[in-house]
Structures are given as C-alpha cells and as structure tokens.
Engineer: 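Next up is a structure, given as structure tokens.
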Amino acid sequence: MCPRRCARCAGHSLLWLAVLCVVANVLLYFPGGDPRYASEGRLSRFVWFFSGLAGGGALMFLPAFVFIGLEEDDCCGCCGHENCGKRCAMLSSVLAALIGIAGSGYCVIVAALGLAEGPLCLNSLGQWNYTFANTDGQYLLDTSTWSQCVEPKHVVEWNVSLFSILLALGGIEFILCLIQIINGMIGGICGYCCSRRQRYDC
C-alpha cells in the first residue's frame with residue numbers, strides 16, 4: 001500500500017477519533033446530564049486535565065490534517081526534483097505524528113489515572129470525597145461498592161464509562177500515530193510513492 005495513501009487513511013481515522021474524544025470529555029462535565037456539579041466544582045480532578053479536549057482532541061487535529069494533506073499534496077520538490085519533495089513531505093509527517101503521540105499518550109495517562117482514583121461523590125456519610133481513591137482501582141472489579149456514591153446519581157458508571165472510552169480512543173490514536181512514524185520513515189527514506197493513477201479503497 002502506498003505510504004501517502006496509508007497516511008490519508010490514518011488521518012481520516014484520527015479526525016473522527018479526536019471528535020469522539022472531545023465529546024467524551026465534554027460529557028464528563030455533566031454527570032447524569034446535570035450541569036450543576038461542574039459549576040459547583042464537584043467533579044473528579046482529572047476531568048479538569050482536559051485529556052479528551054486537549055490531548056486526544058485538539059492536539060490530534062494537526063497530525064490528522066497533515067496526514068490527509070499528504071495524499072493530495074503535489075510535492076513540487078526541492079530544486080525541481082519532485083521525488084525529493086515527496087520524501088520531505090513524508091518525513092515532515094513524522095514530526096506531526098510525534099505531536100500526536102504526545103497528545104494521545106497524555107489522554108491515555110490521564111484517563112487511566114481518572115479510572116484508578118474514581119469519581120468525587122457524596123458518600124453515605126454525607127461527605128464529598130474520593131470514595132475509591134485508596135482501593136488501587138479494585139472498585140472497578142466490584143460493582144457492588146459503587147452504591148457508596150449517593151450523589152451524583154450513577155456517577156461511578158458515568159465516570160468509568162467515559163474514562164474507559166477516552167482510554168480506548170487515546171490508545172487507538174497512539175497506535176495510528178506510531179504506525180505513521182514507521183510509514184513516514186519508509187516513504188521518506190525509500191522515496192516510494194504510488195502513481196497518481198493508482199486507486200486504493202481505504
């Protein structure tokens with residue numbers, strides 16, 4: 001498969017993954033669909049780290065558009081050598097992929113920490129705290145303990161679901177960017193590029 005067409009496929013995938021990360025992160029601000037907990041500051045501390053908005057979202061748009069642009073780029077080349085320009089374009093995509101690695105890695109780490117600590121909630125004693133902070137994430141395997149969080153309603157399910165989604169999306173983004181680093185090195189060093197007449201359904 002042509003490295004530039006492969007990059008285009010990765011770019012489109014990253015674009016949709018970034019949008020999903022943004023949506024998942026925004027939903028974390030409204031546990032149970034209620035906005036008042038955000039205004040009162042009663043959300044998990046890791047919600048405020050913007051892992052989906054910044055790491056898995058905003059930072060992923062740059063590599064996504066760079067990868068998509070590679071397939072349409074005519075690459076006039078350096079000093080009149082078209083192939084040289086194509087190689088430079090492929091190597092430059094490696095830099096964009098490194099930015100994607102950083103963003104997706106940040107998303108994965110913050111989501112994992114958010115899952116491990118658990119949500120900020122009102123417990124049965126009427127105190128707002130991190131009820132599961134000292135369980136080392138074991139609460140994830142024992143759903144019977146989730147009822148210890150009285151308010152917001154179903155906040156444990158809400159946080160676990162959305163942080164798990166961010167963890168999975170960030171992991172996929174990380175893999176795609178890693179693949180593009182390898183793909184960009186192959187395309188840049190070897191100078192391989194498909195003919196404009198070649199067609200590949202991605």
Side-chain angles (χ1 to χ4, degrees), residues 10 13-64 96-182:
S13 299
L14 285 176
L15 197 58
W16 285 108
L17 289 168
V19 170
L20 291 175
C21 278
V22 170
V23 172
N25 199 152
V26 169
L27 289 175
L28 278 170
Y29 290 97
F30 309 103
D34 194 335
R36 67 190 173 94
Y37 299 107
S39 60
E40 294 172 359
R42 288 174 173 170
L43 298 174
S44 166
R45 75 189 82 198
F46 291 108
V47 173
W48 301 104
F49 280 37
F50 309 113
S51 61
L53 287 172
L59 280 179
M60 299 309 301
F61 287 119
L62 173 62
L98 289 173
I99 295 174
I101 288 281
S104 58
Y106 176 75
C107 181
V108 167
I109 291 171
V110 173
L113 291 173
L115 280 173
E117 185 176 62
L120 174 67
C121 65
L122 182 69
N123 61 23
S124 56
L125 299 177
Q127 300 175 332
W128 284 91
N129 59 24
Y130 291 92
T131 306
F132 308 108
N134 297 320
T135 66
D136 296 324
Q138 293 301 312
Y139 79 97
L140 295 168
L141 305 175
D142 187 3
T143 57
S144 63
T145 62
W146 294 5
S147 59
Q148 294 178 32
C149 279
V150 179
E151 189 182 346
K153 290 183 178 180
H154 307 295
V155 68
V156 182
E157 293 90 333
W158 190 267
N159 269 35
V160 169
S161 298
L162 292 173
F163 273 127
S164 295
I165 289 172
L166 285 173
L167 184 65
L169 293 175
I172 297 171
E173 289 175 340
F174 187 92
I175 292 170
L176 287 174
C177 288
L178 189 60
I179 291 173
Q180 180 52 32
I181 289 177
I182 298 170

Engineer: Please name all residues satisfying ring-ring contact (aromatic ring centres under 6.0 Å, His included) with Trp48, sequence neighbours left out, ordered by chain then number.
Structural biologist: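 Listed in chain order: Tyr29.
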
Engineer: Considering residues, nucleotides and ligands other than Trp128, do more than 12 of their heavy atoms fall under 6.0 Å from its CH2?
Structural biologist: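 Result for CH2/Trp128: enclosed.
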
Engineer: Does a salt bridge link Arg42 with Glu151, judged by any charged N lying under 4.0 Å from a carboxylate O?
Structural biologist: no

Engineer: Tell me the closest heavy-atom pair linking Tyr106 and Gly55, and the distance in Å.
Structural biologist: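 The pair with the smallest heavy-atom distance is CD2-CA, 4.0 Å.
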
Engineer: Do the cysteine sulfurs of Cys21 and Cys107 sit under 2.5 angstrom from one another?
Structural biologist: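 No, because the SG atoms of Cys21 and Cys107 are not under 2.5 Å apart, which misses the disulfide cut-off.
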
Engineer: Between Ser161 and Asn159, do the side chains contain a donor N or O and an acceptor N or O under 3.5 Å apart?
Structural biologist: no

Engineer: Flag the pair Pro63 / Glu173 as yes when at least one side-chain heavy-atom distance between them is below 4.5 Å, and no otherwise.
Structural biologist: no

Engineer: Can you see which heavy atom on Ile99 is nearest to which on Leu62, and at what distance?
Structural biologist: CD1-CD2, 3.4 Å

Engineer: In Å and rounded to the nearest 0.5 Å, what is the CE to CG distance from Met60 to Leu20?
Structural biologist: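 If I round to the nearest 0.5 Å, the distance is 12.5 Å.
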
Engineer: Surrounding CG of Asp142 (heavy atoms of other residues, nucleotides or ligands, distance under 6.0 Å), is the total greater than 12?
Structural biologist: yes

Engineer: Mind listing the closest non-hydrogen atom pair of Cys121 and Val155 along with its distance?
Structural biologist: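 Where Cys121 meets Val155 most closely, the heavy atoms are CB-CG1, 3.9 Å.
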
Engineer: With sequence neighbours excluded, what pairs up with Phe163 under the ring-ring contact (aromatic ring centres under 6.0 Å, His included) test?
Structural biologist: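 Phe163: no ring-ring contact (aromatic ring centres under 6.0 Å, His included) contacts found.
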
Engineer: Indicate yes or no for a side-chain donor-acceptor contact from Trp158 to the backbone of Gly33 under 3.5 Å, with no hydrogens or angles considered.
Structural biologist: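 A pair under 3.5 Å: no.
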
Engineer: List for me each residue that meets ring-ring contact (aromatic ring centres under 6.0 Å, His included) alongside Phe49, sequence neighbours excluded, and say none if there are none.
Structural biologist: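 By the ring-ring contact (aromatic ring centres under 6.0 Å, His included) rule, Phe49 matches Phe46.
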
Engineer: Distance check, rounded to the nearest 0.5 Å: Leu162 atom CG versus Leu27 atom CG?
Structural biologist: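 One finds 5.5 Å between CG of Leu162 and CG of Leu27.
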
Engineer: Roughly how far, to the nearest 0.5 Å, is the CG atom of Leu176 from the CG atom of Leu178?
Structural biologist: 9.5 Å

Engineer: What closest approach, in Å, do Val22 and Gly57 show between heavy atoms, and which atom pair accounts for it?
Structural biologist: CG2-CA, 3.9 Å

Engineer: Rounded to the nearest 0.5 Å, how far does CG of Leu28 lie from CG of Leu166?
Structural biologist: 6.0 Å

Engineer: When you measure from the side chain of Tyr130 to the backbone of Arg45, do you find a donor-acceptor pair of N or O atoms at a distance under 3.5 Å?
Structural biologist: yes

Engineer: Out of curiosity, Glu117 CD to Thr131 OG1, how far, rounded to the nearest 0.5 Å?
Structural biologist: 10.5 Å

Engineer: Can you tell me how far apart CD1 (Ile165) and CG (Asn25) are? Round to the nearest 0.5 Å.
Structural biologist: 11.5 Å

Engineer: Looking at every heavy atom in both Trp146 and Leu140, which two are closest together, and how far apart are they?
Structural biologist: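 Taking every non-hydrogen atom into account, CZ2-O, 4.0 Å.
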
Engineer: If you take all heavy atoms of Gly170 and Ser104, which pair is closest and at what distance?
Structural biologist: O-CB, 3.4 Å

Engineer: Run Phe132 and Val156 through side-chain contact (heavy atoms from CB on, under 4.5 Å) and show every step you take.
Structural biologist: CA-CA 10 Å; Phe132 308 108; Val156 182; 3.8 Å; yes

